[in-house]
There are 2 protein chains.
Amino acid sequence: MSRETDELKQAGLKATRPRLMILQLLEDAEERHLTAEGVYRSLLDAGEEVGLATVYRVLTQFEQAGLVKRHHFDGERAFFELDENKHHDHMVCMRCGKVEEFVNDEIERLQREVAAEHDFKLTDHRMELYGLCANCREDREND
Amino acid sequence: MSRETDELKQAGLKATRPRLMILQLLEDAEERHLTAEGVYRSLLDAGEEVGLATVYRVLTQFEQAGLVKRHHFDGERAFFELDENKHHDHMVCMRCGKVEEFVNDEIERLQREVAAEHDFKLTDHRMELYGLCANCREDREND
DNA sequence: ATGTATGCAAAACATTTGCACCTGG
DNA sequence: CCAGGTGCAAATGTTTTGCATACAT
């Protein structure tokens, strides 16, 4: 019984083949931030027969179970990332789509401060920086 | 010739009735953050005959002209807000949906700093705080 | 065995687009 | 007048759902 099987059971989910495959994929993928479609195609490429609807259902269950975080970097589609319980924010390259993670404790502190000033009970927050990553930036040394 | 007519012309847009109505609505609305559907319904309620497709087209044109900013607070639908060229971030109440605006120069500065550290050319950013606003918080003094 | 999960196809949304008609300057 | 704008309906892309079948325990 694999570690993934345990993780699923602890999350209260039956260890079915699609769920195992999706969890493994999220754990092993080089790119941590995947769309449902991306997960789906990766599984097909790996020879797994799975339905796109199942991918959506499983990712949503994973989210509810706290295994995964859902992001909306643009307004078009959602990105899913394994939730390792290490909070971080994102920096998204508008050219190649690369997503880098970062944490800045000072910003985190200021956010709590701002919320307090407004008598706002903070439960969550999101912060994303958009622009050009180091690589794409080079390719455009003609702006 | 109204001020709105001028604003449209300066933005290079013909002053048509739908565009005037939408611009006025955005300027006068109590709630500054509206969905396309919201704009559409407000116009219908006001007796204006306009198509939803036109609302989308006009809002997109306004965005390109810099008159309006588009936000994706959740991943479901876009919110539009008049762009007064005063950058700010948002605090969204998860209970009543209220959106408050705020600015914190120190956070802004740190964002630029983080981007620089990663060799990232910053073009835009988004930051949203989610939680309970002062009012909704009171209603729940039983948590 | 049996309640749950899956796959497929159809539905549901938000948003965009093609096209014939209308309108502002 | 006539390029550009609008309304409608149909298309799109993403995500959800209904339902009959397949599977984990």
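Any value given below was found using the heavy atoms of this structure, including those in side chains, with hydrogens, waters and symmetry copies removed. The sequence lines fix the lettering, A, B, ..., with proteins before strands; numbering per chain opens at 1.
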Quiz prompt | Minimal non-hydrogen separation, B:Ala11 against B:Leu67, with atom names | solution =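 Residues B:Ala11 and B:Leu67, closest heavy atoms: CB-CD1, 4.1 Å.
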Quiz item: Looking at A:Gly51 and A:Tyr40, what are the two nearest heavy atoms and their distance?
Solution: C-CE1, 3.9 Å
Separation of atom [atom1] in [X] from atom [atom2] in [N], rounded to whole Å:
X       : N      : atom1 : atom2 : value
A:Glu76 : C:dT15 : CD    : P     : 11 Å
A:Leu20 : C:dT6  : CG    : P     : 10 Å
B:Gln64 : C:dT16 : CD    : C1'   : 13 Å
B:Leu59 : C:dT15 : CG    : P     : 10 Å
B:Tyr56 : D:dA11 : OH    : P     : 19 Å
A:Gln61 : D:dT17 : CD    : C1'   : 14 Å
A:Met21 : C:dT6  : CE    : C1'   : 15 Å
B:Leu52 : C:dT16 : CG    : C1'   : 11 Å

Just wondering, do [Y] and [X] contact through their side chains at under 4.5 Å, heavy atoms?
X        : Y        : value
B:Arg57  : B:Thr60  : no
A:Phe62  : A:Leu8   : yes
A:Glu101 : A:Glu81  : yes
B:Met91  : A:His118 : yes

Self-check item: Side-chain donor/acceptor of B:Arg57 to base of C:dG18, under 3.5 Å
Solution: yes
Exercise. Please determine if a side-chain N or O atom of A:Lys9 lies less than 4.0 Å away from the OP1 or OP2 oxygen of D:dA24.
Key: no
Quiz prompt | Side-chain N or O of A:Arg19 closer than 4.0 Å to phosphate OP1/OP2 of C:dA5 | solution = yes
Quiz item: On DNA chain C, nearest-nucleotide positions of B:Thr54 versus B:Ala15: which is more 5'?
Solution: B:Thr54
Quiz item: Does B:Thr16 or A:Glu49 map to a spot on DNA chain C nearer the 5' end, using the closest nucleotide for each?
Solution: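 Going by which nucleotide is closer to the 5' end, it is A:Glu49.
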Practice problem: Compare the minimum distances between each of C:dT6, C:dG3, D:dC8 and the side chain of A:Lys14, then state the nucleotide with the smallest one. | Solution: C:dG3
Practice problem: Specify the residues of residues 27-45 of chain A, ordered by number, for which at least one heavy atom lies under 4.0 angstrom from an atom of DNA chain C. | Solution: none
Quiz prompt | Aromatic ring pairing A:His90/A:His88, orientation class (parallel under 30°, perpendicular over 60°, tilted between) | solution =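 A:His90 and A:His88: perpendicular rings.
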